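Here's the structure, in structure tokens; my notes come after.
Quick caveat: nothing in here was measured; it's all calculated off a predicted structure. Just so we're on the same page: letters track the sequence lines, and every chain starts at 1.
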2 protein chains.
Amino acid sequence: MARIVTIRTVAERAGCSIATVSRVINRSAPTSADVDARVRAAVAELGFRPSEIGRALKTLRTRTLGVVIPSLTNPVFAASVAGMQSAARERQHTLLLTATDYDPAAESELVETLVAQNVAGLILTVADAAENATLDLLDAEGIPYVLVHNEPTRPGRAAVCVDNAAATFALTQTMIAAGHRRIAYLAGRFATSDRARRRHEGYRAAMEAAGLEPEAPLELDYLGDAPSHAEALAGLFRAPEPPTAALCSNDLLALSVVGALRTLGLRVPDDVSVAGFDGIALGGAVHPTLATVDTPTRLMGEHAVAMLFTMIEAGAPPRVERLPFTLRPGGTLAPEAPVPRV
Amino acid sequence: MARIVTIRTVAERAGCSIATVSRVINRSAPTSADVDARVRAAVAELGFRPSEIGRALKTLRTRTLGVVIPSLTNPVFAASVAGMQSAARERQHTLLLTATDYDPAAESELVETLVAQNVAGLILTVADAAENATLDLLDAEGIPYVLVHNEPTRPGRAAVCVDNAAATFALTQTMIAAGHRRIAYLAGRFATSDRARRRHEGYRAAMEAAGLEPEAPLELDYLGDAPSHAEALAGLFRAPEPPTAALCSNDLLALSVVGALRTLGLRVPDDVSVAGFDGIALGGAVHPTLATVDTPTRLMGEHAVAMLFTMIEAGAPPRVERLPFTLRPGGTLAPEAPVPRV
DNA sequence: CTGTTAGCGCTTTCAT
DNA sequence: ATGAAAGCGCTAACAG
């Protein structure tokens with residue numbers, strides 16, 4: 001199966017030593033035009049590709065980046081992995097991809113698996129970047145890594161993210177400016193997303209800055225289907241003074257909430273406005289379009305790889321790169337109709 | 001950096017030879033309870049994880065599966081990769097993920113990269129499974145691989161897919177039963193998707209079986225945005241006798257087409273019915289919901305891994321596994337209103 | 001400019 | 001039941 005043609009086969013065919021073959025292939029030392037041509041011919045004839053394994057064992061360095069994300073099913077992570085893949089390919093690297101399925105306990109196991117493969121570095125989105133034994137381990141072993149989406153609170157951790165609190169602050173302000181006063185905050189599970197928590201802080205700050213009462217966050221599982229969300233939302237939206245708007249901690253949840261509200265007989269945005277967070281492509285394909293915070297998800301993946309390489313190759317210190325976000329208007333966010341103000 | 005603790009470190013600590021450490025770790029030969037305990041203690045204390053590289057070099061076999069897909073941005077592929085990842089993890093394997101970005105020329109390069117990494121096997125979705133030099137190469141080298149989504153025409157190629165033609169045949173019949181007579185077929189680029197071609201065959205067969213005139217397929221790039229699609233569709237739908245329904249070769253395209261039709265001032269489904277293919281989750285989240293062929297995308301990824309393992313470990317011959325599909329009704333598909341029939 | 005050789009971490013005979 | 005030693009494919013000293 002696998003490889004039968006090794007560097008030795010090539011050396012024999014070219015009539016030189018394996019060291020010379022290596023030199024020609026990697027241009028790691030000058031070689032004569034003569035032997036150079038013979039080696040290249042032999043390589044071509046035999047269809048030789050040097051084994052990454054052999055190289056890795058010698059150099060203790062692979063051309064592989066380990067990736068740990070919660071799930072590929074969320075387009076946000078799919079997009080950032082797409083960015084990583086593209087950036088990694090530009091640098092002749094490949095991605096070793098793993099997913100936790102939102103199980104924080106899986107993180108350490110997956111990281112160990114990846115470390116055992118001698119990945120050159122890691123890119124990960126974890127449940128909680130603050131309290132994380134796995135990251136401590138990587139720090140201790142000096143293995144370079146970059147967080148994506150996570151916005152680390154403690155210094156010394158490299159990350160590519162957006163300013164989550166500032167973004168929800170701005171989004172909440174927009175909703176308030178549209179006349180909304182009772183704005184619900186619906187979140188994915190806080191336990192598996194420090195993003196959801198940071199985003200809630202921005203919401204609360206904006207509410208308080210406007211002299212409004214922040215609602216207690218309602219935690220939903222956005223992997224759940226719309227019917228289950230309808231149940232969870234029924235109490236909130238059938239109360240005497242229901243919210244006129246809902247800020248959701250991510251787009252997938254927001255889309256599901258729109259469906260759930262319809263199930264409850266509420267119109268979006270006429271009865272309830274909805275906004276999300278992330279800016280997934282499909283938010284623009286639905287009708288009405290989803291109002292959201294547009295984050296450069298794919299770019300975040302690309303930048304994470306770029307940053308990881310500066311750490312690996314130039315020994316750059318960890319830093320946090322906050323990419324710009326924009327508010328994306330959408331049909332799901334309307335002026336609060338019944339009692340219009342300012 | 002990487003690993004400082006090797007099998008030798010463990011052997012010293014446990015006071016035995018490295019061979020014994022290996023035996024204990026892999027249970028590859030009986031060991032005394034005494035040394036067994038010492039080795040395990042040493043492993044735990046030192047935090048030792050055997051290097052996959054060292055193991056791979058010796059055995060010429062990694063615990064890694066190579067994956068080649070067109071793009072992670074399409075939820076269909078993201079879902080099948082999610083299935084692969086989960087199935088691979090169950091078997092202590094990881095995925096080496098690459099994407100072609102719909103460039104068929106990239107396929108061979110990526111496969112070579114993966115083969116150079118000594119992957120245990122490959123799972124791929126290619127532009128065209130029939131004419132494919134890369135697959136011929138894998139066949140020649142005897143490297144096990146399984147296609148996903150592709151429905152190979154030539155025997156001898158392992159694949160997990162659905163019966164694309166049968167599915168669009170059934171879907172087209174449903175549209176015809178709803179009274180539609182002029183049904184357009186909108187496709188992603190045929191050149192990069194043998195699926196789109198197979199699906200068109202089913203459409204044409206159903207139209208002809210009903211004595212209707214199949215429309216020439218209109219090729220669209222579903223990575224294009226809705227405005228560009230609106231232009232492309234304007235001619236077709238502003239003709240004197242426009243189609244009353246559009247069958248799209250995939251869901252992402254269908255969602256985009258729904259948006260484009262709206263841009264043209266056409267209502268869905270009142271003026272034009274739309275159906276897709278794939279069954280991506282978000283088709284159920286939009287309003288109206290997308291009528292489509294529901295394919296078990298994630299399951300296809302899982303089955304592909306399972307099949308690959310039977311080939312790797314049991315030397316099972318390549319076979320084609322066709323998974324069941326279902327027609328998913330949706331709000332985008334309505335009875336043809338103006339002239340209702342049967 | 002080129003060849004020889006050691007050795008990366010591990011598994012696996014072959015002895016004992 | 002355990003150890004010694006070879007060797008997987010490659011790179012990098014070191015010689016020449």
Side-chain angles (χ1 to χ4, degrees), chain A residues 1-40 42-43 46-64 92 112-113 115-120, chain B residues 1-40 42-43 46-64 92 112-113 115-120:
Chain A
M1 305 294 162
R3 320 254 69 204
I4 351 89
V5 180
T6 80
I7 197 172
R8 244 167 284 273
T9 330
V10 176
E12 276 175 36
R13 177 74 149 252
C16 65
S17 73
I18 61 167
T20 300
V21 174
S22 175
R23 283 190 272 256
V24 170
I25 289 173
N26 303 308
R27 300 179 196 284
S28 52
T31 45
S32 73
D34 177 41
V35 74
D36 198 282
R38 292 206 317 274
V39 168
R40 290 188 193 289
V43 165
L46 298 166
F48 172 71
R49 294 271 314 200
S51 159
E52 284 292 332
I53 307 254
R55 191 198 307 261
L57 183 55
K58 179 67 196 178
T59 60
L60 290 184
R61 213 275 215 184
T62 62
R63 291 180 183 166
T64 292
Q92 273 81 253
E112 278 190 42
T113 307
V115 170
Q117 311 255 12
N118 273 80
V119 292
Chain B
M1 305 296 167
R3 318 256 71 202
I4 351 88
V5 179
T6 79
I7 196 172
R8 244 168 284 272
T9 330
V10 176
E12 277 174 36
R13 177 74 148 253
C16 66
S17 73
I18 60 169
T20 301
V21 174
S22 174
R23 283 190 271 257
V24 170
I25 289 174
N26 302 308
R27 302 179 194 284
S28 51
T31 44
S32 72
D34 177 40
V35 73
D36 199 280
R38 292 209 315 276
V39 167
R40 289 186 194 291
V43 166
L46 298 166
F48 172 72
R49 294 270 314 201
S51 158
E52 284 291 333
I53 307 253
R55 192 197 307 258
L57 184 55
K58 183 66 195 177
T59 60
L60 289 185
R61 213 278 213 185
T62 62
R63 291 180 183 167
T64 291
Q92 275 80 254
E112 277 190 43
T113 307
V115 169
Q117 312 255 10
N118 273 79
V119 291

[X] [atom1] to [N] [atom2]: how many Å, rounded?
X       : N      : atom1 : atom2 : value
A:Glu12 : D:dC10 : CD    : P     : 13 Å
A:Arg27 : D:dA12 : CZ    : P     : 16 Å
B:Arg38 : D:dA1  : CZ    : P     : 15 Å
B:Asp36 : D:dA1  : CG    : C1'   : 12 Å
B:Leu60 : C:dG9  : CG    : P     : 18 Å

Any side-chain heavy atom of B:Glu52 sitting closer than 4.5 Å to one from B:Arg55?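 Answer yes - side chains close enough.
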Can you name the side-chain contact (heavy atoms from CB on, under 4.5 Å) partners of A:Ala120, sequence neighbours left out?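 A:Ala120 satisfies side-chain contact (heavy atoms from CB on, under 4.5 Å) with A:Arg61, A:Leu65, A:His93, A:Ile312 only.
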Mind checking what makes side-chain contact (heavy atoms from CB on, under 4.5 Å) contact with B:Ile53, not counting sequence neighbours?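 Once residues adjacent in sequence are excluded, the partners of B:Ile53 under the side-chain contact (heavy atoms from CB on, under 4.5 Å) criterion are A:Ile53, A:Ala56, A:Leu57, A:Thr62, A:Asn118, B:Ser51.
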Terminal helix-axis angle for the helix from C:dC1-D:dG16 to C:dT16-D:dA1, with five pairs defining each axis and rounding to 10 degrees: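 Inter-axis angle at the termini of the helix from C:dC1-D:dG16 to C:dT16-D:dA1: 40°.
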Testing the basics here: between B:Val10 and B:Phe48, what is the closest heavy-atom pair and its distance to 0.1 Å?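 The pair with the smallest heavy-atom distance is CG2-CG, 3.5 Å.
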Specify the closest pair of heavy atoms between A:Ala116 and B:Pro50, including all atoms of both residues, with the distance to one decimal.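 Result for this residue pair: CB-O, 3.9 Å.
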Applying side-chain hydrogen bond (donor to acceptor under 3.5 Å, both in side chains), which residue pairs with at least one partner in residues 7-16 of chain B are found, sequence neighbours left out?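 Residue pairs with at least one partner in residues 7-16 of chain B: B:Arg13-B:Glu45.
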Produce the list of close N/O pairs, under 3.5 Å, pairing protein atoms with atoms of nucleotides 10-13 of chain C; give distances to one decimal.
residue : atom : partner : partner atom : Å
C:dC10  : OP1  : B:Ser51 : N            : 2.7
C:dC10  : OP2  : B:Ile7  : N            : 2.5
C:dT11  : OP1  : B:Asn26 : ND2          : 3.0
C:dT11  : OP1  : B:Arg55 : NH1          : 3.0
C:dT11  : OP2  : B:Ser22 : OG           : 2.9
C:dT11  : OP2  : B:Asn26 : ND2          : 3.4
C:dT11  : O2   : B:Lys58 : NZ           : 3.3

Rounded at 0.5 Å granularity, tell me how far OG1 in A:Thr31 sits from CG in A:Asp36.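 These two atoms lie 4.0 Å from each other.
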Quick one: salt bridge (charged side-chain N to carboxylate O under 4.0 Å, His left out) pairs with a partner in residues 25-35 of chain B, sequence neighbours left out?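 Passing the test, one end in residues 25-35 of chain B: B:Asp34-B:Arg38.
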